[in-house]
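The structure appears below as structure tokens.
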Amino acid sequence: MSPATETADASARLLVRDLAQLATPSGREAPLRGDALGQVELIEDAFILCEGGVIASTGRMRDLQPLSGDVVELDGRGLSAIPGLVDCHTHACFGGDRVEEFALRASGASYEELHAAGRGILATVTATRAAGEQGLLEAVRQHRDWMLRWGTTTFEAKSGYGLDRDTELASLRAIAAAGAIPTWLGAHAVPPEFEDAEGYLDFALTEVLPDAAKLAEAADVFLERGAFDVNQARRFLESCRAADLALRLHGDQFTEQGAVPLAIELGARSVDHLEATGDDGIRALSASSVVAVLLPASALFLDRPMPQARKLVDSGAPVALATDFNPGSAFCESLALVCSLACTQLHLSPEEALAACTVNAAHVLDRAGTVGRLASGYDADLALLDAPDWRYLAYHLGGDVVKTVIRKGEVVKGH
Ligand code: NIG
Ligand code: FE
């Protein structure tokens, strides 16, 4: 994530030794569903050998072969290792903050009311337009460093607070320059200079999409009452698909407006939020390959009902977890806290939570072959927890549990 990692010495070797535990989702498949979501492989008294930025081998200390040549050793005594976490849904590129709005909500105003009154997303649009590309780059870097402290080594970030051509493209460039995976959230809200959603989409699809498609990997839409309806979302996503972007949707956050059937119809990578999804939506997702991305920090922050995670997992739907980090509905960069919420509010096991923010999140970002597991051939992205049991990740609520973070074989935090 830091520029230094991009110049990592291809031959450098790092041995993390004497780990109390190594925990990783097992197998090589993605996405994981049903019982497989909870299958974590545990190695006690473990080592991880990294070479040239990838994992060369893992195993028990007693099986470690003597190593010749230069090897940097890192003492893992009393620590447990998990894969570097993968945050597949953030809005990390924005100017300003919404602390005033937060205080208003604390005294009773609702998020939807504030949005309708021109605060909410549109307040951040004003601040983001004023930030300039350099300001946005600094913001994404700062947010990346916050995430890194909690063990996140790969993250997606959306545009969507510019909503004009220059600021949307500047946002996507800033996101990529900070080492994140860019998603064009071209249909987040209708900005004030347009009278209606159709007029804004005419502009976005003709003036912004051709260049956004060169910078982003995916497109996203906020399909909700007061934002874009199902027909507008279909129009937006079909155009984006034709421009070779993968598709994502914000759906069923407050009300069911057809996001799940649309995501399935269009073969989207994911449909995210799902706090309002009922049994029909759960059934449909269980029979599809669209990943249900759950964002419990957002539900908590807005005091909304939690999504029906247990039902989704038990029905066999592929489920991922993410922070939704943004200034309005989830000012939270910690996937560790999200794992705590997953266990306490969504009733997932620590094993299911781990797989949901590693392997399945990597799958949403089309990177499940390279990140999300501690196994040979995967990127050497590791979080070392200051605990002899890896489940402290979720158990220590809000705790400063991540001691060391390694990305592509380089220590980027701690030790
Ligand atoms: O995922 N719901 C739409 N978008 C964001 C929130 C954006 C904001 O409040 O600034 C979300 O919650
Ligand atoms: Fe979001």
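All heavy atoms count here, side chains included; hydrogens, waters and symmetry mates do not. Just so you know, ligand 1 is whichever comes first in the structure, and atom 1 is the first atom listed for that ligand.
Residues Glu112 and Arg304 are not paired through a salt bridge, judged by the lack of any N-O separation under 4.0 Å between the basic side chain and the carboxylate. A salt bridge is absent between Lys413 and Asp145; no separation between the charged side-chain nitrogens and carboxylate oxygens falls under 4.0 Å. We find that Glu333 and Arg144 are not joined by a salt bridge, their nearest charged nitrogen and carboxylate oxygen being 4.0 Å or further apart.
Tyr111 and His115 have parallel rings, their planes meeting at less than 30° on a 0 to 90° scale where 60° marks the start of perpendicular. Between His250 and His273, the two ring planes are tilted [angle within 30° to 60°]. Between Tyr161 and Phe94, the two ring planes are perpendicular [angle over 60°; tilted spans 30° to 60°].
The distance cut-off of 2.8 Å around the Fe ion (ligand 2) captures these protein N, O or S atoms, sorted by chain and number: His89 NE2, His91 NE2, His250 NE2, Asp324 OD1.
Close N/O approach between Thr124 and ligand 1 is not found [any backbone or side-chain N/O within under 3.5 Å].
The protein atom (non-hydrogen) at minimum distance from atom 4 (N) of ligand 1 is His188 NE2, 2.8 Å. Of all protein heavy atoms, the one lying nearest to atom 12 (O) of ligand 1 is Ser329 OG, 2.5 Å. Summary of contacts: the protein heavy atom closest to atom 2 (N) of ligand 1 is Gln253 OE1, 2.8 Å. Among protein heavy atoms, the minimum distance from atom 6 (C) of ligand 1 is reached at Tyr111 OH, 3.2 Å.
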Could you walk me through whether Ser270 and Arg248 pass the side-chain hydrogen bond (donor to acceptor under 3.5 Å, both in side chains) test, one step at a time? CA-CA 5 Å; Ser270 72; Arg248 316 267 313 257; 2.6 Å; yes

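Under the ring pair (Phe, Tyr, Trp, His ring centres under 6.0 Å) criterion, Phe194 pairs with Tyr200, Phe203, not counting sequence neighbours.
Under the 6.0 Å cut-off for aromatic ring centres, Phe102 and Phe301 qualify, their centroids lying closer than that. Checked against the 6.0 Å centroid criterion, the rings of Phe155 and Phe325 do not qualify as a close aromatic pair.
At least one heavy atom of Arg98 sits less than 4.0 Å from an atom of ligand 1. The closest approach between Glu224 and ligand 1 stays at or above 4.0 Å for every heavy atom of the residue. Ligand 1 lies within reach of Tyr161, whose nearest heavy atom is under 4.0 Å from it. Contact between Ile121 and ligand 1 is present, with at least one heavy atom of the residue lying under 4.0 Å from the ligand.
Ile82 pairs in a side chain to side chain contact (heavy atoms under 4.5 Å, CB included) with only one of the listed residues (Leu382, Leu354, Thr358), which is Leu354.
Of the candidates Leu122, Asp324, Thr90, Asp220, Asp324 brings a heavy atom nearest to atom 1 (O) of ligand 1.
Heavy-atom proximity to Phe222, at under 4.0 Å, picks out these atoms of ligand 1: 2 (N), 3 (C).
The minimum heavy-atom distance between Asp75 and His415, with the atom names listed, is O-NE2, 2.9 Å.
With a 4.0 Å heavy-atom cut-off, ligand 1 is reached by the side chain of His273 but not by its N, CA, C or O.
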